[in-house]
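Each ligand, and each atom within it, is numbered from 1 in the order the structure gives. Values reported hereafter were calculated over all heavy atoms of this structure, with side chains retained and with hydrogens, waters and symmetry mates removed.
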Amino acid sequence: MRALKRAIGLFMLLSVVLTTASLQAQEQRKKSGVIQELEKAIAGRENEPAEKVFKNIKMLKGIPAIRVLRIMENGFSPALGVKCTFCHVKGEWDSDEKPEKETARKMMKMVGEIREELKNIVDEKATINCYTCHRGDVEPALRPKK
Ligand code: HEC
Ligand code: HEC
């Protein structure tokens, strides 16, 4: 009887672990799927200036188009701990409908200004980015987390 209970317990634990793992894998696939689609859409034009390849670039002008996708995927999203749709209307990447997108532009400007100021305070190498404040959160912390 006890052995049976233990076997059932083990089975349930295993299925929870497996479900969580497969959900995570699904999430991963979905996310990289969006990026893959966008990569396909700009294929052959990866190194052209971002503003020529995309429709509504105001801040990230002059950098290769592919870098915009890398910034979105590896910079903004993980820095704030959010999905693309925190700032974007799904599938309408050029739309400015979500106020968070405009806020992100203002944040980019602020980061540029802080970087300039840092050079005067410390040295040329000193820098910050979105993660410096956000640390995977929409709201930067004001005190150490317990
Ligand atoms: C924190 C906000 C934020 C997040 C999160 C974010 N983006 Fe963006 N995205 C922006 C901003 C701001 C711009 C415009 C940049 C500019 O004006 O130079 C932009 C521009 C873009 C563009 C160019 C669209 C066009 O045609 O002008 C694409 C494509 C894009 N993002 C895809 C993504 C994808 C995919 C993700 C998720 C992996 C993502 N973004 C996550 C803020 C965000
Ligand atoms: C110097 C610190 C600092 C840096 C660097 C910084 N942020 Fe922020 N950001 C904040 C603070 C503080 C808030 C306000 C959070 C709150 O209390 O709602 C904020 C808010 C935001 C919001 C609005 C969230 C909402 O609830 O609507 C977005 C979007 C954002 N930041 C994006 C960015 C991006 C993208 C970068 C990098 C380009 C960045 N931030 C860099 C401090 C920073």
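- The structure places OG1 of T127 at 10.0 Å from CD of E116, a figure rounded to the nearest 0.5 Å.
- Contact annotation: for I128 versus ligand 2, heavy atoms closer than 4.0 Å belong to the side chain alone.
- The protein atom (non-hydrogen) at minimum distance from atom 38 (C) of ligand 2 is C130 SG, 2.6 Å.
- Here is the list of ligand 1 atoms found below 4.0 Å of a heavy atom in F54: 23 (C), 25 (C), 26 (O), 27 (O), 29 (C).
- Contact check for L38 versus W93: side-chain heavy atoms found under the 4.5 Å cut-off.
- Between H134 and P140, the closest side-chain pair of non-hydrogen atoms falls below 4.5 Å.
- Using a 4.0 Å cutoff on heavy atoms, K101 does not count as a contact of ligand 2.
- With K61, R105, H88, E102 as candidates, the residue nearest to atom 8 (Fe) of ligand 1 on a non-hydrogen basis is H88.
- Only side-chain heavy atoms of P140 come within less than 4.0 Å of ligand 2; its backbone N, CA, C and O stay farther off.
- At a threshold of 2.8 Å, atom 8 (Fe) of ligand 2 has a backbone or side-chain N, O or S atom of H134 nearer than that distance.
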Please walk me through it: do K109 and E113 pass salt bridge (Lys or Arg N to Asp or Glu O under 4.0 Å)? CA-CA 6 Å; K109 181 168 173 279; E113 287 162 1; 3.0 Å; yes

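- Contact annotation: the side chain of L118 never approaches that of K125 to less than 4.5 Å [non-hydrogen atoms, C-beta and beyond].
- If you number the atoms of ligand 1 from 1 as listed, the ones under 4.0 Å from a heavy atom of V34 come out as 35 (C).
- Rounding to the nearest 0.5 Å places CG of D123 at 11.5 Å from CD1 of I121.
- The nearest N, O or S atom of M107 is closer to atom 8 (Fe) of ligand 2 than 2.8 Å.
- Look at F86 and you'll find every heavy atom at least 4.0 Å from all atoms of ligand 1.
- No side-chain heavy atom of T132 sits less than 4.5 Å from a side-chain heavy atom of I114.
- Close contacts between ligand 1 and N56 involve ligand atoms 17 (O), 25 (C), 26 (O), 27 (O) [criterion: under 4.0 Å to a heavy atom].
- Checked by distance only, ligand 1 and I35 stay at 3.5 Å or farther apart across all their nitrogen or oxygen atoms.
- Closest to atom 16 (C) of ligand 2, if we only count protein heavy atoms, is E139 CG, 3.3 Å.
- Remark: ligand 2 atoms within the under-4.0 Å shell around heavy atoms of M110 are 1 (C), 3 (C), 4 (C), 6 (C), 7 (N), 43 (C).
- Under a 4.0 Å N-O distance rule, the pair E37/K40 does not qualify as a salt bridge.
- Across all non-hydrogen atoms, the minimal contact from K101 to S95 is NZ-O, 3.1 Å.
- Protein heavy atom nearest atom 24 (C) of ligand 2, with residue, atom name and distance: V138 CG1, 3.5 Å.
- A heavy-atom distance below 4.5 Å is not found between the side chains of C87 and F76.
- The distance criterion of under 3.5 Å between nitrogen or oxygen atoms is met by K55 with respect to ligand 1.
- Within ligand 1, the atoms closer than 4.0 Å to a non-hydrogen atom of M108 are 12 (C), numbered from 1 in the order shown.
- For the pair L80 and ligand 2, a heavy-atom separation below 4.0 Å is found.
- Less than 4.0 angstrom separates some heavy atom of S77 from each of these atoms of ligand 1: 5 (C), 37 (C), 38 (C), 41 (C).
- When side chains are defined from C-beta on, V111 counts as touching R115, because their heavy atoms get closer than 4.5 Å.
- Remark: I57 CD1 to E51 CD distance equals 8.0 Å, nearest 0.5 Å.
- Contact between E100 and ligand 1 is absent, with no heavy atom of the residue lying under 4.0 Å from the ligand.
- The nearest heavy-atom contact from the protein to atom 22 (C) of ligand 2 is T103 CG2, 3.6 Å.
- Atom CG in L80 sits 10.0 Å away from atom CD in E100 (nearest 0.5 Å).
- The closest non-hydrogen atom to atom 33 (C) of ligand 1, taken over R70, M72, K90, comes from M72.
- By the 3.5 Å distance cut-off applied to N or O atoms, L60 is counted among the residues near ligand 1.
- Ligand 1 places these atoms under 4.0 Å from at least one heavy atom of V82: 5 (C).
- Looking only at protein heavy atoms, the nearest one to atom 1 (C) of ligand 2 is C133 SG, 2.7 Å.
- The closest side-chain heavy-atom distance from V68 to F54 is below 4.5 Å.
- Between V138 and F86 the shortest side-chain heavy-atom distance falls below 4.5 Å.
- From K145, atom NZ reaches atom CG of D137 across 4.0 Å, with rounding to the nearest 0.5 Å.
- Taking every non-hydrogen atom of C87 and a distance limit under 4.0 Å, the qualifying atoms of ligand 1 come out as 1 (C), 2 (C), 3 (C), 4 (C), 5 (C), 42 (C), 43 (C).
- For ligand 2 and N129, the ligand atoms under 4.0 Å from any heavy atom of the residue are 5 (C).
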